[in-house]
Amino acid sequence: MAVSVRVRIAPSPTGFAHLGTASTALYNVLFARKQGGTFVLRIDDTDAERNRPEYEALIYESLHWLGLDWDEGPDKGGPYNPYRQSERLDLYREQAARLITDGKAYRCYCTPDELEAERKQAQVEKRPYKYSRRCLTNPPSDRSVFAVRFRVPGGEIHFTDMIRGEMKFDADLIGDFIIMKSDAFPTYQFASPVDDAAMKITHVIRGEEHLSNTPYQLMLVDALGYERPQAYAHMPLILAQDGSKMSKRKHPEMNLALYREHGYLPEALVNYLALLGWNPGTSQEIFTFDELAHAFSFERVQHAGARFDWEKLNWINGEYIRMLSDDELAKRLRPFVPQLDEETIRRAVPPLRTRMHKLAQAIDYLDYLWTDPPTPTLDAETARRVRSAIDTLRDTPWEPEAIEAALEKAVAESGVGKGKFYTPLRDVITGKKVSLPIHYTLALLPKDVALLRLQRTVD
RNA sequence: GGCCCCGUCGUCUAGCGGCCUAGGACGCAGCCCUCUCAAGGCUGAGAUCGCGGGUUCGAAUCCCGCCGGGGCUACCA
């Protein structure tokens, strides 16, 4: 009888919500949905120094925006409350005490400086560093501040990674590591496996940076007598364009808020993220969420890190924009052009939709509607053509089709081509070299305003 | 330094011993459409499969070494 799948993400609220969190969350959700399992959100706020509640809110917000909703979490509760590690401190302390009682962990009174000296010494002697176990064999009696160190049993650690297969680590190479900090907070290495066990997590899906951490956590799981998770999956990292690891400092694309601000559709970002490191084995590029959940499998996850590529994201986002209905696109455009009324936005959608790879670009096409462009100086011949445009437009119904027809007639009579005729009109109306097709450009502007802008250049 | 993961067009990738003169997508170039910009259509350039050895009748695919990148080795997660 198979127990139902339970997966989790455990982000740290130490800064803005970032891309890696979204990516990991996505793979967890995809797996959970496919297996009919449960997706848990746990807040890993054991770094008292750097955690901030507002960052936690940012995580909720970003994940909700992406549609990656969780079944259990600090905000909605669940059978394994609480879901914030800072509220589970008693559990970690109890378990650490149990390990100490069992002789599987011990108090370490070494100061950071002393440990640093040990490490340096090892480096000088060109030998791999392992904690000296000074506090295990010969603890000082005159100190009171301590951390708790796990007594690493050594041996070989085996586990299954759903992406890479059977993994094997030599734990004799791992030194005794700290599980409880001197501030009585657990380290990640400790809190994570304790909570995974307590919350009955069956599959641990996380970034590749945790692959080497797995033996640490498995030793703890064994020492505590917990059941091991069924399997792990370590997802390839998302790299910056230059192939380096993404850093918050140098790579703004890490910040999830940025995507919303620029007008990337959450479903497009999800689609892109799914394709970064995974492929369906078919030529399909655009997926609904359900299609992703259905097609997803760890066997088809890439083993190497993948570089983030704006161009591909832009293309996918453009595809999604073009697939939206007129009304839906108008609705999503609203926050980007608050200067415009709904009716105007709605009328701008048809010519706009093929011209954006992100929603914020609408501003470049539409800002002439609320910004008065400078009045250019026209030569005599151009002025003559503008006058003829004014004449024909004055009696034309203010609709794109009618305007187009009227203008084409004026063009034919002018003896010059459309390009020569329309370019100055575009310049006068928008002040730009690029705009929506001229008849839309005109139609979106109130007729009197459009005629005024034209008229004042020829007066 | 030690341990672990990884290495196919610029990028994301297909490939799991012969179907590969290495396929697709993004991007790029040209042409068509066209009032600008897009979108769309059509064509095209682009990878000696990191390098060097093996194994094999035959290797991008298997093995070894090297090089390169990344991760872990924290009282950060």
Side-chain angles (χ1 to χ4, degrees), chain A residues 10-12 14 44-47 49-51 108 110-112 115-116 119 122-123 125-130 145-149 161 163-164 167-171 173-175 177-189 191-192 207-216 234 236-237 239 241 243-245 272 275-285 300 302-316 318-319 322 351-357 361 364-365 404 407-408 411 417-423 425-427 430 432-439 441:
Chain A
S12 272
T14 53
D44 185 348
D45 54 353
T46 56
D47 185 345
E49 294 280 305
R50 298 192 298 149
N51 292 310
C108 176
C110 295
T111 65
L115 295 171
E116 183 57 29
R119 259 189 298 269
Q123 206 172 2
E125 294 170 21
K126 289 192 187 303
R127 98 187 119 74
Y129 173 70
K130 273 172 79 171
V145 176
F146 65 88
V148 178
R149 228 174 245 282
D161 185 280
I163 297 168
R164 285 159 234 270
M167 303 297 306
K168 188 180 83 182
F169 283 85
D170 182 0
L173 268 17
I174 298 175
F177 57 93
I178 288 177
I179 57 177
M180 293 293 284
K181 301 181 263 186
S182 52
D183 65 0
F185 274 65
T187 59
Y188 164 78
Q189 229 49 311
S192 183
E208 203 206 296
E209 71 265 31
H210 293 301
L211 187 55
S212 310
N213 286 329
T214 307
Y216 290 70
H234 290 93
L237 263 24
L239 274 20
Q241 284 101 321
S244 69
K245 191 193 179 185
Y272 176 66
L275 254 25
L276 241 200
W278 169 85
N279 80 84
T282 67
S283 60
Q284 185 174 2
E285 303 271 347
R300 299 205 64 89
Q302 204 68 20
H303 294 192
R307 299 182 196 210
F308 183 85
D309 180 22
W310 282 109
E311 299 294 347
K312 181 87 178 240
L313 205 215
N314 285 342
W315 174 74
I316 288 179
E319 290 287 302
R322 277 166 242 133
L352 210 45
R353 68 179 327 132
T354 60
R355 276 166 250 261
M356 301 182 293
H357 59 252
Q361 286 178 304
D364 294 330
Y365 281 107
E404 184 175 28
L407 248 24
E408 275 176 6
V411 168
K418 278 184 177 180
K420 202 147 192 196
F421 196 96
Y422 291 161
T423 299
L425 296 184
R426 169 173 291 111
D427 184 32
T430 69
K432 298 185 183 194
K433 295 264 183 288
V434 173
S435 81
L436 297 177
I438 194 68
H439 52 293
T441 302

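Residue numbering restarts at 1 for every chain, and letters A, B, ... go by the order of the sequence lines. Since this is a predicted model, take the numbers as computed values, not measurements.
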For this session: Identify whether any heavy atom of A:C110 sits under 4.0 Å from a base atom; if not, whether one sits that close to sugar-phosphate; answer base, sugar-phosphate or nothing.
Result: base
Exercise. To the nearest Å, how far apart are A:D309 CG and B:A25 P?
Worked result: 15 Å
Exercise. Given atom NE2 of A:H439 and atom P of B:U36, what is their separation to the nearest angstrom?
Worked result: 13 Å
Exercise. Heavy-atom distance under 4.5 Å between the side chains of A:R300 and A:N279, does that happen here?
Worked result: yes
Problem set entry | Flag for A:S192-A:H210: side-chain donor and acceptor within less than 3.5 Å | no
Exercise. Which one is paired to B:G18, where only Watson-Crick or G-U wobble pairs with both distances under 3.5 angstrom count?
Worked result: B:C57
Seminar exercise, completed: Closest of B:G7, B:C12, B:C72 to the A:A304 side chain is B:G7
Exercise. To the nearest angstrom, how far is A:M167 atom CE from B:G71 atom P?
Worked result: 17 Å
Exercise. 5'-most contact on RNA chain B: A:M180 or A:R307, nearest heavy atom basis?
Worked result: A:R307
Exercise. B:C35 C1' sits how many Å from A:F421 CZ, rounded?
Worked result: 11 Å
Problem set entry | Side chains of A:S435 and A:T441, donor plus acceptor under 3.5 Å | yes
Exercise. Which one is paired to B:C37, where only Watson-Crick or G-U wobble pairs with both distances under 3.5 angstrom count?
Worked result: none
Exercise. Ring centres of A:F308 and A:Y272 under 6.0 Å apart?
Worked result: yes
Exercise. If the C1' atom of B:G23 is compared with that of B:C16, how far apart are they to the nearest Å?
Worked result: 15 Å
Exercise. Across the strands shown, which category fits A:E319 at heavy-atom distances under 4.0 angstrom: base, sugar-phosphate, nothing?
Worked result: sugar-phosphate
Seminar exercise, completed: Answer for the Watson-Crick or wobble partner of B:A25, both distances under 3.5 Å, is B:U11
Seminar exercise, completed: In whole angstroms, the gap separating P of B:U13 from NE2 of A:H303 amounts to 11 Å
Problem set entry | Span that lies between the C1' atom of B:C28 and that of B:C12, in whole angstrom | 16 Å
Problem set entry | Identified pairing partner of B:G52, criterion: Watson-Crick or G-U wobble below 3.5 Å | B:C64
